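One structure below.
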Amino acid sequence: MIDQQVSLRGGAARLPVRPRTGRYLVLAAVFVCAACGLVYELELVALASYLIGDSVTQASVVLSVMVFAMGIGSLLAKRLCSRAAVGFGLIEAVLALVGGSSALVLYATFAWIGESRYALVGFSLAIGVLIGAEIPLLMTLIQRVDRQDASGAVADLFAADYVGALFGGLAFPFLLLPLLGQLTGALLTGAVNAAAGGALVMWVFRRDLTRRSRWLLIAVNVAVIALLATAAVLADDFERAARRAVYGDRVRVAMQTDVQEVVLTGAGRSSLDLYLDGRLRVSSRDEYRYHEALVHPVMNGPHARVLILGGGDGLAAREVLRYPGVRSVTLVELDPAVTRLARTDQALSALNAHAYRDPRLTAVTGDAFTWLRAAHGRYDAVISDLPDPGISASTKLYSAEFYGLVAEALAPGGRLVVHGGPPVGRPHTYWTVEASMRAAGLRTRPYRVGGRYAGFETGPDRASGGAAQAHGWGFVLAGLGRAPALGLDPEAPELKDLTEAALREAGRRAEAGRLPGLAPSTLVHPRYWGES
């Protein structure tokens, strides 16, 4: 009779451990499960930003769907509270399988189907429901091992949950991602999740399980851990197959740096492609159109000291170094792996004309925004060859504050050029960049050239679809005091696509009003009219 009363009040007599020990073990499981849950969440956000783009939108979708789903999961878990131990064990096993395999499935849908948005929402919903179901069951379990007032149990649970989330949030970018990568890191997290949940139930609450429930939990957890371990062993082969599906069979270099994924395909100067985080950054077939249009108009004037922000591939530096009047070039690149690849890869270094061997070029590793905040002298020409303005992570590099820092770095009569995206394909983004430059006190002169746009569609202009492909690259030339003239320097080297005649023709067409929707002085080489 006494044993029955103890069991009804808290059941501590049926546990194989002391109540206080059992309480600590439950809180330890809460800590581990919370860490794993946040890793799943961050994994979805990071992979969605990489595969789909626009990190702000993807983070908002994942977080909002998961929080909503957690509420649903909490309501659904009420039916399991009468069998909290077996319910918690099964939920953790399913969560481990779903969360651990989420990155792999998202990457697979992107590689072979070409669309991962629906999978992203599905995983966010499923993981959120499972995480939300944890708290009611854990609340029941912690009161089962150490009966205490509800407020104390809630405080303990949420303290362990929040500390575990902190650990998971820090482990993902500083431990899992750099050491294991996204796929293997997620699979390992799932295995740890399954082991923690299964160990808690099978040890502390084993007397609450029927013989059938005990064998069910053992079989489910063994199967989940075996599946995750098998997937981890095959992860490298899977990544290679997925890369071939995305990039083709000519992948030569594929590496995850501290900053981004870098993929280089093709072996010759006529077939080389450089992808950064899945986005085509350089194509040897037409990169000269982009880099000639970016560099040579800004060199029309003093250009003894030149600053290149970004451009670690060395292609903008190649064009700058063709001017004999250039005395020094400073290149600021965030990812040292890109500059190292541009130095050492035979095909890429040949494409950039071995720019890094030129003693006039100095490469600096650092964030362009932070680097500009320090005093580094003044420059006659500043070339902004940075990631696409449509990528959320690049927002600060296209802000009025950033252009204010650039303006301070300009020498008297100095000029700045910025790649602002396609003015026809994504006009909202392009003109926002131009307006930000004007807000920093710069006088602007927009122009564009035809060609393939090496980027992706996102944001308010997404409805434009493939328009960016048809209308090429947009740039903004700017200076202090007055807008610089759009032209070529008298000592400009022989170019493939830009000539003084082409510039005059572009100006004449703009003045004649033949380019509706674009600002005056729009540069379009005559051979590009009507091209797609």
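In this text, all values refer to a predicted model and were calculated from it rather than measured experimentally.
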(request) Could you please spell out the steps behind the side-chain contact (heavy atoms from CB on, under 4.5 Å) verdict for Val246 and Phe110? (result) CA-CA 8 Å; Val246 174; Phe110 173 79; 3.9 Å; yes
(message) Test side-chain contact (heavy atoms from CB on, under 4.5 Å) on Ile142 and Arg23; report intermediate values, then the result.
(response) CA-CA 6 Å; Ile142 198 170; Arg23 175 170 166 269; 4.2 Å; yes
(request) May I have the step-by-step check of side-chain contact (heavy atoms from CB on, under 4.5 Å) for Val262 and Leu274, ending in yes or no? (result) CA-CA 7 Å; Val262 179; Leu274 174 64; 3.9 Å; yes
(request) Before giving the answer on side-chain contact (heavy atoms from CB on, under 4.5 Å), spell out for Ile308 and Glu333 the whole-Å C-alpha distance, their side-chain angles and the decisive distance to 0.1 Å. (result) CA-CA 9 Å; Ile308 302 175; Glu333 168 61 46; over 6 Å; no
(message) Apply side-chain hydrogen bond (donor to acceptor under 3.5 Å, both in side chains) to residues Arg212 and Thr210 and explain how you reach the verdict.
(response) CA-CA 5 Å; Arg212 181 179 178 182; Thr210 64; over 6 Å; no
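A donor-acceptor pair under 3.5 Å is absent between the side-chain atoms of Ser399 and the main chain of Thr395, judged by distance alone. Put simply, the side chain of Arg250 gets close to the backbone of Ser271: a donor and an acceptor are under 3.5 Å apart. Judged by distance alone, the side chain of Asn352 and the main-chain N or O of Ala342 form a donor-acceptor pair under 3.5 Å.
Asp335 contributes atom CG, which lies 8.0 Å from atom CZ of Arg340 (distance to the nearest 0.5 angstrom). Expressed to the nearest 0.5 Å, how far CD of Glu43 lies from CG of Leu176 amounts to 8.0 Å. Here the OG1-CZ distance, from Thr265 to Arg244, works out to 14.0 Å after rounding to the nearest 0.5 Å. Separating the CG atom in Leu27 from the CG atom in Asp161 is a distance of 10.5 Å, to the nearest 0.5 Å. Distance check: Phe88 CZ to Leu95 CG gives 9.0 Å after rounding to the nearest 0.5 Å. Residue Leu175 holds its CG atom at 7.0 Å from CG of Leu180, rounded to the nearest 0.5 Å.
Put simply, the side chain of Asp345 reaches to within 4.5 Å of the side chain of Arg252, judged on heavy atoms. Proximity of Leu386 to Tyr398: side-chain heavy atoms (C-beta onward) are separated by under 4.5 Å at one or more points. Two residues are said to be in side-chain contact when any heavy atoms from C-beta on lie closer than 4.5 Å; Lys396 and Asp367 meet this criterion. Looking only at side-chain heavy atoms (C-beta outward), Ile127 and Val98 come within less than 4.5 Å of each other. The closest side-chain heavy-atom distance from Tyr290 to Leu315 is not below 4.5 Å. Under the 4.5 Å side-chain criterion, counting only non-hydrogen atoms from C-beta, His291 is in contact with Asp385. Taking 4.5 Å as the limit, every side-chain heavy atom of Phe123 sits out of range of all side-chain heavy atoms of Val62. Looking at Leu276 and Arg279, their side chains never come closer than 4.5 Å, going by heavy atoms from C-beta outward.
Only one option out of Leu309, Leu397, Val332 pairs with Leu372 in a side-chain contact (heavy atoms from CB on, under 4.5 Å); it is Leu309. Partner of Asp208 under the side-chain hydrogen bond (donor to acceptor under 3.5 Å, both in side chains) criterion, out of Arg144, Arg214, Arg83: Arg144 alone. For the side-chain contact (heavy atoms from CB on, under 4.5 Å) test with Cys36, the passing option among Ile131, Leu188, Val192 is Val192; the others fail.
Minimum interatomic distance between Ala347 and Leu272 (heavy atoms only, all atoms of both residues): CB-CD1, 3.4 Å. The two residues Ser213 and Val86 have their closest heavy-atom pair at CB-CG2, 4.0 Å. Closest of all the heavy-atom pairs between Asp258 and Pro178 is OD1-CB, 4.5 Å. Heavy-atom minimum distance, Arg206 versus Pro16: NH2-CB, 3.4 Å. Looking at every heavy atom in both residues, Ala355 comes nearest to Gly314 through CB-O, 3.8 Å. Of all heavy-atom pairs spanning Gly132 and Ser74, the tightest one is O-OG, 2.9 Å.
Counting non-hydrogen atoms of other residues, nucleotides and ligands closer than 6.0 Å to CH2 of Trp215 gives a total of 12 or fewer. Crowding of Arg18 atom CZ: a count of heavy atoms from other residues, nucleotides or ligands under 6.0 Å not exceeding 12. For Phe369, the CZ atom is densely surrounded, since the number of other residues' heavy atoms within 6.0 Å is greater than 12. The 12-atom threshold is exceeded at CZ of Phe238, counting heavy atoms of other residues, nucleotides or ligands nearer than 6.0 Å.
Ring pair Tyr162/Phe158 is tilted by interplanar angle, where 30° to 60° counts as tilted.
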